[in-house]
Trainee: 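Handing you a structure now.
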Amino acid sequence: NAGVTQTPKFRVLKTGQSMTLLCAQDMNHEYMYWYRQDPGMGLRLIHYSVGEGTTAKGEVPDGYNVSRLKKQNFLLGLESAAPSQTSVYFCASSYPVSSYEQYFGPGTRLTVT
Amino acid sequence: ILNVEQSPQSLHVQEGDSTNFTCSFPSSNFYALHWYRWETAKSPEALFVMTLNGDEKKKGRISATLNTKEGYSYLYIKGSQPEDSATYLCASNTGNQFYFGTGTSLTVIP
């Protein structure tokens, strides 16, 4: 039981490049989330999904797109990376009621130069 | 956007001391309050989820209380140990949107 995994762990992009971050969970969770974590700020919700085929915007969705084609995977895309997207990205998943705890992945450190 | 605030920002205590920190959140549209423990180079791990006013949860030496009417939660650690050193995050959610505080960084000095 791997829990929540994220790929890649580290990445350096040049401004304007695109990339996709993959989050996978093997706990059969309905809900999945993408957060970013920046110095001096709390985790901020980018997008979330309450089930396969559904996505919704969080607090800071601009510049990101997501897809949930399979229940176990939640992809975060950056179409044209900007230095402001330099951050650590965390994925999380939970059971289908938001009073349940979230399980977090190990994070992806992204640097955009 | 919910404004979730935690205090203090950081804390140093001696091994064996008891300590507590605060999470404040808007009391309107409240759904649940979450506490997480976040060790350096690891992922946040859930400690407690509380939903009802007056809730108290306990896990070993760590406990938490919730006051939804005035919008605050306390996390208590009794007899701090070096392994308690971590950042403690709280988050409030309204439905599916979660809003995290910036955390309290706890260092327990042996």
Side-chain angles (χ1 to χ4, degrees), chain A residues 2-7 9-10 23-25 27 29-51 54-62 66 68 74 87-109, chain B residues 1-10 21-26 29-53 55 57 59 62 64 66 68 73 75 86-105:
Chain A
V4 180
T5 58
Q6 292 182 231
T7 310
K9 290 188 167 47
F10 304 94
C23 176
Q25 53 94 6
M27 296 175 282
H29 285 165
E30 288 291 335
Y31 286 16
M32 295 186 76
Y33 312 83
W34 274 109
Y35 294 92
R36 60 178 290 172
Q37 200 262 325
D38 301 295
M41 306 189 79
L43 290 164
R44 291 184 293 168
L45 184 63
I46 304 171
H47 285 280
Y48 64 96
S49 168
V50 299
T54 71
T55 62
K57 294 180 181 179
E59 184 184 347
V60 289
D62 293 343
V66 287
R68 184 100 181 267
F74 195 28
S87 188
V88 182
Y89 292 86
F90 287 93
C91 175
S93 68
S94 73
Y95 287 109
V97 177
S98 52
S99 58
Y100 280 97
E101 61 194 21
Q102 297 188 7
Y103 292 80
F104 283 84
T108 294
R109 184 173 294 275
Chain B
I1 295 176
L2 285 181
N3 192 22
V4 177
E5 295 184 346
Q6 292 188 247
S7 63
Q9 202 168 33
S10 66
F21 11 100
T22 306
C23 173
S24 61
F25 54 90
N29 297 320
F30 173 82
Y31 191 85
L33 192 284
H34 303 244
W35 280 102
Y36 289 85
R37 171 191 158 86
W38 194 356
E39 291 182 68
T40 304
K42 294 188 177 180
S43 310
E45 289 185 355
L47 286 172
F48 307 113
V49 182
M50 296 181 286
T51 57
L52 299 176
N53 184 46
D55 257 354
K57 294 275 177 93
K59 191 181 286 188
I62 304 177
L66 179 66
T68 61
S73 174
L75 188 80
T87 295
Y88 292 83
L89 296 175
C90 72
S92 179
N93 71 286
T94 58
N96 298 320
Q97 294 264 10
F98 283 77
Y99 299 92
F100 280 80
T102 53
T104 292
S105 174

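Letters go in sequence order (proteins before strands), and every chain restarts at 1.
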Trainee: For residues B:Phe98 and A:Tyr35, establish whether the separation of their ring centroids is below 6.0 Å.
Mentor: no
Trainee: Which residues pass the side chain to side chain contact (heavy atoms under 4.5 Å, CB included) test with B:Thr87, sequence neighbours left out?
Mentor: B:Trp38, B:Leu89, B:Ser105
Trainee: Would you confirm whether A:Gln37, through its side chain, and A:Phe90, through its main-chain N or O, come within 3.5 Å as a donor-acceptor pair?
Mentor: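 It does not hold such a pair.
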Trainee: Using modelled atom types only, decide if a donor and an acceptor are shared between the side chain of B:Gln97 and the backbone of A:Lys57 within a distance under 3.5 Å.
Mentor: yes
Trainee: Relative to chain B, which segment of A:Val50 carries a heavy atom at a distance below 4.5 Å: side chain, backbone, both, or neither?
Mentor: side chain
Trainee: Under 4.5 Å from any heavy atom of chain A, what part of B:Phe48 do you find: side chain, backbone, both or neither?
Mentor: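 It is neither, since no heavy atom gets under 4.5 Å.
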Trainee: Any idea which of A:Ala92, A:Gly107, A:Gly105 has the most non-hydrogen atom pairs under 4.5 angstrom with chain B?
Mentor: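 Among A:Ala92, A:Gly107, A:Gly105, the one with the most close pairs to chain B is A:Gly105.
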